[in-house]
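What you see is a predicted model, and the numbers here were worked out from it, not measured in a lab. Atoms within each ligand, like the ligands themselves, are counted from 1 in listed order. Heads up: numbering here begins at 1 and tracks the sequence.
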Amino acid sequence: MRRRVVDVLVPVALDRAYSYRVPEPLDLHPGDVVTVPLGAREATAVVWAENPKPNPRLDNRLKDVGEKLDVPPLRPELRRFVDWVSNYTLSSRGMVLRMCLRMGEHLAAERERVGVRLAGPPPARMTPARGRVLELFADRMVRAKAEAAREAGVSASVIDGLIDDGALETLVLPPEPVAQKPDPDFNAPDFSPAQRAAAADLKATLAKGGYAVTLLDGVTGSGKTEVYFEAVADTIRSGRQSLILMPEIALTAGFLDRFAARFGQRPAEWHSELSPRRRARTWRAVANKEASVVIGARSALFLPYADLGLIVVDEEHDPAYKQEDGVRYHARDMAVLRGHIARIPVVLSSATPSVETEVNARRGRYARLALPERFGGARLPSIEPIDLRIAPPPPRHFISPVLAGAMKVSLERGEQSLLFLNRRGYAPLTLCRSCGFRFACPNCDAWLVDHRFRRQLVCHHCGYAMPHPANCPQCNAVNSFVPIGPGVERLEEEVRELFPGARMLVLSSDLVVSVERLREELADVAAGRFDIIIGTQLVAKGHHFPMLNLVGIIDADLGLANGDPRAAERTFQLLHQVVGRAGREAGAGYGYLQTHQPEHPVIRALIAQDRDAFYDAEIAQREQMHYPPFGRLASLVVSGPDKHETEAYARALARAAPKVDLGTGAAKTDTLMGDDVRVLGPAEAPLALVRGRHRLRLLVKSPRAFGLSAYLRDWLAAGPKPKGSIKLEIDVDPQSFL
Ligand code: ADP
Ligand code: ZN
């Protein structure tokens, strides 16, 4: 008799599932997590389908499934999600599955925790240290050895000695739970009327059940979190699981405390910084429903929830939701997709929704719940431009006297100021005064950034770094280097000059030594242990700093300069969010935007605090240009070490693009591309050289309702394949255009 065969999906860059024979004692079903031989190694994989009619001729060549792992099977919902994400993003199914199996090899191995407790009479030989330990254990409690040693103030060897003498004994402890059950009624807040109305609406959506997307649209500090916590509370009550997605893990620290204040327990956490063991345990806890709420970065979407009932996407507009390497997916969009597959509600929360989400809300595809005012009567900051043409900083300085004056007042009042500049390092460019030489990266089309703190010139694209040379490499001049433009480190120097006694903190991702340290620093800021904070976009998001009343944007024009279709949106969101850090509790908040173009529509909308004016203009423009969400984009980046070969391949690929007749009969013009599919390029990417690879970009534009992924798939199947070291990267719905 022939043996059963199953198709197994392996977490490597392959699209199709492979057939394996099922050894006799195993009873396998789709979703089961198994090990299979894969070449010379063994891989953890998932049974994707029964294979009822295996090819008999292949039977002898098929390998056997190894073992079935003792974890809950991946549910059909998650398997469908994997298929969908793969189909949509054009990533192989194996690579998408890999994101679901990120519990690593530690899955099966639970390290034992050893506890210690009192066992017999005190030993013959007593010492003060031994006395302290026995006193500690007099309560007959079980403690981990290290904890007991710490509590008693002794070394572990003292405890070992007492175990050897029989006064104490060891026992195996059950594993520490990943998360205790949160209590939905632990500490429900008193709501403002607006919050109460929004919470009631959300709860009604939840009670109705099924898929529905709600935009929780509230100004910064309006109390959106407390509102969606009510939806989480109801989900806990109904015994189902909730997922709260956050754009940055650094944000989750304060958030975990807030969650604990509301629900009495911290939730389970999921992000890349978890230790492998914690990761494995959390994975299991999510799969067996022990964890009822997960707070996580985008990868938490791929966890094997036993019974997911709600997804919240906090700061839904945040660009960090887009994964830019490997499987290129947008976590907000995939959250909506997952909600659709699981038939559950999705809540998108933001003070500055993405244009896509705003359009969906305007068209009634998403419900909108508005919180137009700050909680507790705090007022929104007033925002003023500082026209750098009229009130410029002194030469080689970057803080206008107007801003410096306002900071001085803040300092005297004992309030905090935040200076925002989205530029890491000391200066973005260094040149030689005598010959004009500029330091450029040898591998990329980019200048080297001066990082004085690290004492290096660094490329922000490939990480190339070199020490500061003493002489100019071109003309050999000594002491001839001048920094051009500001970075946060240079700003720090200027602030020190202006306010010598102030307590300052620079927050920039390259200065972060660990997430814990960053969390401590953020807590120090919240506690008022710093007067002036200088930061990159690391400080823009989600933090609640009660004493911060002044925000100065050093260069409001910075993000507007590039030709990226999303430049206006990004700048509006980022600056709005940064300024929104001011005045969240006591006192009035002030925001100052240093700009050379106060009449720019984005700057004007920010100053007038006229959000709708911004969206109206931006939406009209996108509609006219057929940009998302009114049309669709995909980007294909071809890269390779040899410029001519790379170009030749990119051109051949472009020629192979299938022609589509959408049968609209509409006249086609060069500028308006609403009704057809166009392939633009290849053209040199804005970053034309990265890590020694030349980059060319093809951009595909299609109507909104067009099956862009299928089109790309057909194209790539029929078109020339990248050979040798040429690489083709596909990004459906690109966020970055570099
Ligand atoms: P948002 O996320 O909309 O920016 P938050 O949810 O962070 O706003 O709320 C702003 C501040 O107001 C926080 O300190 C929060 O604890 C507080 N807050 C919000 N709602 C309430 C409430 N109902 N009772 C007490 N404090 C609240
Ligand atoms: Zn470089």
*Backbone or side-chain N or O of G223 under 3.5 Å from ligand 1 N or O*: yes
*Please check if the distance between the ring centroids of H451 and H468 is under 6.0 Å.*
no
*Examine ligand 1 and decide if any of its atoms is less than 4.0 Å from a heavy atom belonging to V219.*
yes
_Lys/Arg N to Asp/Glu carboxylate O, R332 vs D318, below 4.0 Å_ = no
*Protein N/O/S atoms closer than 2.8 Å to the Zn ion (ligand 2)*: C441 SG, C444 SG, C459 SG, C462 SG
*Which ligand 1 atoms are under 4.0 Å away from a heavy-atom of T220?*
4 (O)
*Inter-residue atom distance L243.CG - L308.CG, 0.5 Å rounding*: 6.0 Å
*asked:* With nothing but distance in play, are any N or O atoms of G221 less than 3.5 Å from an N or O of ligand 1?
replied: yes
_Aromatic ring pairing Y590/Y592, orientation class (parallel under 30°, perpendicular over 60°, tilted between)_ = parallel
*Enumerate the atoms of ligand 1 whose separation from the nearest heavy atom of F191 is less than 4.0 angstrom.*
23 (N)
_Before we go on, tell me: are the rings of F186 and F263 under 6.0 Å apart, centre to centre?_
no
*Between F530 and R503, is there a cation-pi geometry (under 6.0 Å to ring centre, at most 45° from the normal)?*
no
*asked:* Using a 6.0 Å cut-off, check whether atom CZ of R365 has over 12 heavy atoms from anything other than its own residue.
replied: yes
*Salt bridge between E618 and R566, side-chain N to carboxylate O under 4.0 Å?*
no
*Should one rank F375, Y228, F255 by closest heavy-atom distance to atom 27 (C) of ligand 1, which comes out on top?*
F375
*Indicate, with yes or no, if the rings of F229 and F191 have centres closer together than 6.0 Å.*
no
*Enumerate the atoms of ligand 1 whose separation from the nearest heavy atom of P189 is less than 4.0 angstrom.*
22 (C), 23 (N), 24 (N)
*Option nearest atom 6 (O) of ligand 1 (shortest heavy-atom distance, choices H544, Q577, E315, R258)*: R258
*Could you tell me the separation between the CD atom of E729 and the CG atom of D325, rounded to the nearest 0.5 Å?*
9.0 Å
*asked:* Any atom of ligand 1 sitting under 4.0 Å from a heavy atom of R374?
replied: no
*What distance do D450 atom CG and F481 atom CZ have between them, rounded to the nearest 0.5 Å?*
10.5 Å
*Can you find an N/O atom of D190 closer than 3.5 Å to an N/O atom of ligand 1?*
yes
